[in-house]
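Naming convention: chains lettered A, B, ... in sequence-line order (proteins, then strands); numbering from 1 in each chain.
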Amino acid sequence: MIYKGTHLSENTIGYIDDQGNILDTQTAGENCSATPIEYDNSKESLEIIRHSTAHLMAQAITELYPNSQFFVGPVVDEGFYYDFRVDEQIGESDLKAIEKKMKELIKKKYKIEKYEISKSEAKDKFANDDLKLKVMERIDDDTLSIYKQGDFEDLCRGPHVPALRFLHNFKLTRVAGAYLGGDEKAEMLTRIYGIAFADKESLKAYLTMMEEAKKRDHRKLGAEMELFMFNEEAGAGLPFWMPKGAKLRYKLESILHKAHLTRGYEPVRGPEILKADLWRTSGHYACYGENMYLTTIDEQEYGIKPMNCLGHIQVFKQSPKSYRDLPLRYYEYGVVHRHEKSGVLHGLLRVREFTQDDAHIFCEPEQIAQEVLEVVEFVDSVMKLFGFEYTMEIATKPEKAIGEDAVWDMATQGLKDALEGNNLPYTIDEGGGAFYGPKIDIKITDAIGRKWQCGTIQVDFNLPQRFEVEYVAEDNTRKQPVMIHRAILGSFERFIGILTEHYAGEFPFFLAPTQVIFVPISDTFADYAYELKKALLLEGIDSEVYDKNDSLNKRIRNAEKQRVPYVVVVGEEEVTNRTVAIRDRRNKEQYNLTQDEFMVKLTKQLQEGKI
RNA sequence: GCCCAUAUGGCUCAGGGGUAGAGCACUUCCUUGGUAAGGAAGAGGUCGUGAGUUCAAGUCUCACUAUGGGCUCCA
């Protein structure tokens, strides 16, 4: 509906024009003919509300910390933030005081007013504020707008709500440091993040959702379920796998092994450290050296591998290859070490030692599209098995890169063709490629909405050239193959971290570290439970027997808390009839099966992990 | 790496300048129970590491280590 000519509602906080631009009421004036934006939780409304809340926060900070200077305060996906410089140290505990001051300011019922000045006037006005001058450097327009509420005014593009009375339901969520302009070498400013909604219920729902997400954080679940651990004395970013986690990982590895073999991949394995000269030849020493761990043996420099390519290349080169051998697909669960910055380490999602499900496909240039497509299908079947939503992104040539532009263009086009030819949606990450070639990244979202790169498919014309990799073509000439680097999970560490959050610890039967817990009603029936456990083990199914000297109720409770697919109670009745009493946690059912039916059911469920 | 915060028995957490507490877990004993915590007793920490202030430091200061939240998204 288009409203014309009148300022219809008390609740109008802005307008959308024909081009989809948001105009606030200050800009639109009294008689605006564009579509009004009502005060609610629509995307446009929230943008205005959050932007104004950021300004309100800035005003509060100014009152509490008079020497503060402000940089930028935009609306982002998850709320808003403001970057500023302040003399005092601001910590999480100060957020409450800032919130309180914001509420006080609202009570003063300020209107939010707008006026415009020329850029030169603005430069005079903010001559003493180097941050504002920096902001202005980034703006091309000659006319700048200033928004004013009470004594506080700020250079701002808008849009804003008409008055502070629209700002009630907000929460400051965290305080952080942020480099000015995102530049690592620049000064670090203080950043406060917040969130705001049109009504109290939405804010509450958002905060509740964040709480729920935290409950499925893989770091919390990993400790609780005894999957993995870290150790201060061993060092940061170096995960240890505990028995339960190692079982889970082993199951995932087994599924993937079969999936590779049936798709024509062959297993290989390279050494953990290789001479530095090899890394010089590959370009890693120059382009990736700052992330590599180097060591010296017998006065000879070595590098611990951060990638597995070199090993696979050496295996390929060991014997002459024919065009008939191509495409040749080598895969390895390759352990790599990378010196990630200490501040970016994050549970299993970013570590310094991890294992990639890595493969290199050596093929002829004409085979690229087909091979990439097959990898994409492989990725899709793995993601489907676990029910993951994922996005694909083509990353192009970065600043630090080897190889000629023409070669880059050709490889990049090959990736696009493979996706477009099959109507697979993708986005472009300009300059996000590896130094040796463009790539397709597969990204999965974690429990709290952060996106992580998992799988990757990278076309590489450069390494075959650098290492003089060759095959004999049909016409008996020597040609250079193309290398496709690819990983489906990315790394077992990251993938298992995300899997844990995805399932909230309740892994599907074929992955669960413990698949069944037996609870014998009393000691007398424990033998039967151990007999069943052994039978399951022979089928590759892991189980535990809870026969500790605790009450039956307590053992059932403890078993249920383990997030295992099945808890099986056995007592006199079961022993006599050779049956089991199943508590199906996932389906919230209880039922009895004969021992045979039980075995058939479970072995059948194991098959669900096949791809 | 940089900014802010945190660091107490296996886990979750309380305490707070005068030499440490709780619950769960653990050990032993009683109990042998039919579907989410039976009972009793016991063991376990010198308060992340190092240095400093102090008559006295988990408790204050500094450094280090580890962990957590951030560090593209343009007034």
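Taking atom C1' on both B/C60 and B/G18, the two are 15 Å apart, rounded to the nearest angstrom. A distance of about 27 Å separates the C1' atoms of B/U32 and B/G23, rounded to the whole Å. For the P atoms, the distance from B/G44 to B/U28 is 16 Å, rounded to whole Å. Spacing between B/C47 and B/G15 at atom C1', rounded to whole Å, works out to 11 Å. On the C1' atoms, B/A25 is 7 Å away from B/G10, given to the nearest whole Å. Here the separation of B/C13 from B/A51, taken at their C1' atoms, is 29 Å to the nearest Å. Here, B/C3 and B/C11 have their P atoms 29 Å apart, quoted to the whole Å. Comparing B/C71 with B/U12, their C1' atoms are spaced 31 Å from each other, to the whole Å.
A donor and an acceptor atom never sit less than 3.5 Å apart when one is taken from the side chain of A/Gln590 and the other from the base of B/G34. For a distance-only test at 3.5 Å, the side chain of A/Asn549 fails to qualify as a donor-acceptor partner of the base of B/U32. Between the base of B/A5 and the side chain of A/Arg174 there is no donor-acceptor pair shorter than 3.5 Å.
Taking 4.0 angstrom as the limit, A/Tyr193 places a side-chain polar atom (N or O) nearer than this to OP1 or OP2 of B/C71. Taking 4.0 angstrom as the limit, A/Lys554 places a side-chain polar atom (N or O) nearer than this to OP1 or OP2 of B/A25. Taking 4.0 angstrom as the limit, A/Arg219 places a side-chain polar atom (N or O) nearer than this to OP1 or OP2 of B/G68. Phosphate contact (OP1/OP2 of B/C73, side-chain N/O of A/Tyr81, threshold under 4.0 Å): present. For A/His346 and B/U67, the shortest distance from a side-chain N or O to OP1 or OP2 is not below 4.0 Å. Between A/Lys548 and B/C26 there is a side-chain N or O to OP1 or OP2 distance below 4.0 Å. The phosphate of B/U32 has neither OP1 nor OP2 within less than 4.0 Å of any side-chain N or O from A/Ser522.
Distance from the side chain of A/Ile521 is smallest for B/G34 among the nucleotides B/C71, B/G34, B/A36. For A/Ile556, counting side-chain heavy atoms from C-beta on, the closest listed nucleotide (B/U35, B/U67, B/G34) is B/U35.
Separating the CG atom in A/Leu593 from the OG1 atom in A/Thr579 is a distance of 8.5 Å, to the nearest 0.5 Å. A/Lys341 contributes atom NZ, which lies 10.5 Å from atom CZ of A/Arg350 (distance to the nearest 0.5 angstrom).
Within the 4.0 angstrom heavy-atom criterion, base atoms lie near A/Gly571. Nucleic acid contact for A/Glu224: none, since no nucleic acid atom lies under 4.0 Å from a heavy atom of the residue. Within 4.0 Å of A/Gly182, counting heavy atoms only, lie sugar-phosphate atoms of the nucleic acid but no base atom. The residue A/Tyr147 sits apart from the nucleic acid: no heavy atom pair falls under 4.0 Å. In this structure, A/Asp550 reaches the bases: a heavy-atom distance under 4.0 Å links it to at least one base atom across the strands shown. At the heavy-atom level, A/Ile146 lies nowhere under 4.0 Å from the strands shown. Among the protein residues, A/Gly347 comes within range of the sugar-phosphate backbone only, with heavy atoms under 4.0 Å from sugar or phosphate atoms but none that close to a base. Residue A/Asp83 is out of contact with every strand shown, counting any heavy-atom pair closer than 4.0 Å. Residue A/Glu574 is classed as a base contact, given a heavy-atom separation below 4.0 Å to a base. At a threshold of 4.0 angstrom between heavy atoms, the contacts of A/Gly432 with the nucleic acid are absent. Across all strands, A/Ala581 comes closer than 4.0 Å to base atoms (heavy-atom distances). Across all strands, A/Arg583 comes closer than 4.0 Å to base atoms (heavy-atom distances). Counting non-hydrogen atoms under 4.0 angstrom, A/Val519 reaches nothing in the nucleic acid.
One interatomic measurement links the two molecules: CG of A/Asn553 to P of B/U32, which rounds to 15 Å at whole-angstrom precision. Atom OH in A/Tyr82 sits roughly 12 Å away from atom P in B/C74 (whole-Å rounding). One interatomic measurement links the two molecules: NZ of A/Lys443 to C1' of B/U72, which rounds to 12 Å at whole-angstrom precision. Look at CD on A/Glu233: it is 15 Å from C1' on B/A7, rounded to the nearest Å. Atom CZ in A/Phe71 sits about 21 Å away from atom P in B/G70, given to the nearest Å. Residue A/Lys185 contributes atom NZ, which lies 14 Å from atom C1' of B/C71 at whole-angstrom precision. Between the CD atom of A/Glu232 and the C1' atom of B/U49 there is a distance of 8 Å, rounded to whole Å. Whole-Å rounding puts the A/Asn558 CG to B/C26 P distance at 8 Å.
In B/G58 the O4'-C1'-N dihedral to the base is within 90° of 0, which defines a syn nucleotide.
Ring geometry for A/Phe70 versus A/Phe152: interplanar angle over 60°, hence perpendicular rather than tilted (30 to 60°).
The salt bridge (Lys or Arg N to Asp or Glu O under 4.0 Å) with A/Glu153 is formed by just one residue from the set A/Lys148, A/Lys125, A/Lys132; it is A/Lys125.
Residue A/Asn67 comes nearest to A/Asp87 through the heavy atom pair ND2-OD2, 3.1 Å, listed as atom of the first residue, atom of the second, then distance.
With a cut-off of 3.5 Å on both Watson-Crick or G-U wobble distances, the partner of B/A22 is given as B/U12. With a 3.5 Å ceiling on both atom-pair distances, B/A43 lacks any Watson-Crick or G-U wobble partner. Of all nucleotides present, none satisfies the Watson-Crick or G-U wobble test against B/U32 with each distance under 3.5 Å. Here B/U53 sits opposite no nucleotide as a Watson-Crick or G-U wobble pair (both hydrogen-bonding atom distances under 3.5 Å). Across all strands shown, B/A7 pairs with B/U65; the Watson-Crick or G-U wobble distances both stay below 3.5 Å. The base-pairing partner of B/C74, taking Watson-Crick or G-U wobble contacts with both distances under 3.5 Å, does not exist among the strands shown.
Geometric assessment of A/Arg191 against the ring of A/Tyr81 yields a positive cation-pi assignment under the 6.0 Å and 45° thresholds.
Aromatic ring centroids of A/Tyr293 and A/His339 lie under 6.0 Å apart.
Along RNA chain B, the nucleotide nearest A/Ser145 and the nucleotide nearest A/Gln89 are compared for position; the residue whose nucleotide lies closer to the 5' end is A/Gln89. Along RNA chain B, the nucleotide nearest to A/Ser342 and the one nearest to A/Asp523 differ in position, and the one closer to the 5' end is contacted by A/Ser342.
At a threshold of 4.0 Å, the pair A/Glu212-A/Lys215 counts as salt-bridged, since one of the basic side-chain nitrogens sits closer than that to a carboxylate oxygen.
Here the side chains of A/Leu172 and A/Met57 are in contact, with some heavy-atom distance below 4.5 Å. In this structure the side chain of A/Tyr193 never reaches within 4.5 angstrom of the side chain of A/Glu78, judged on heavy atoms.
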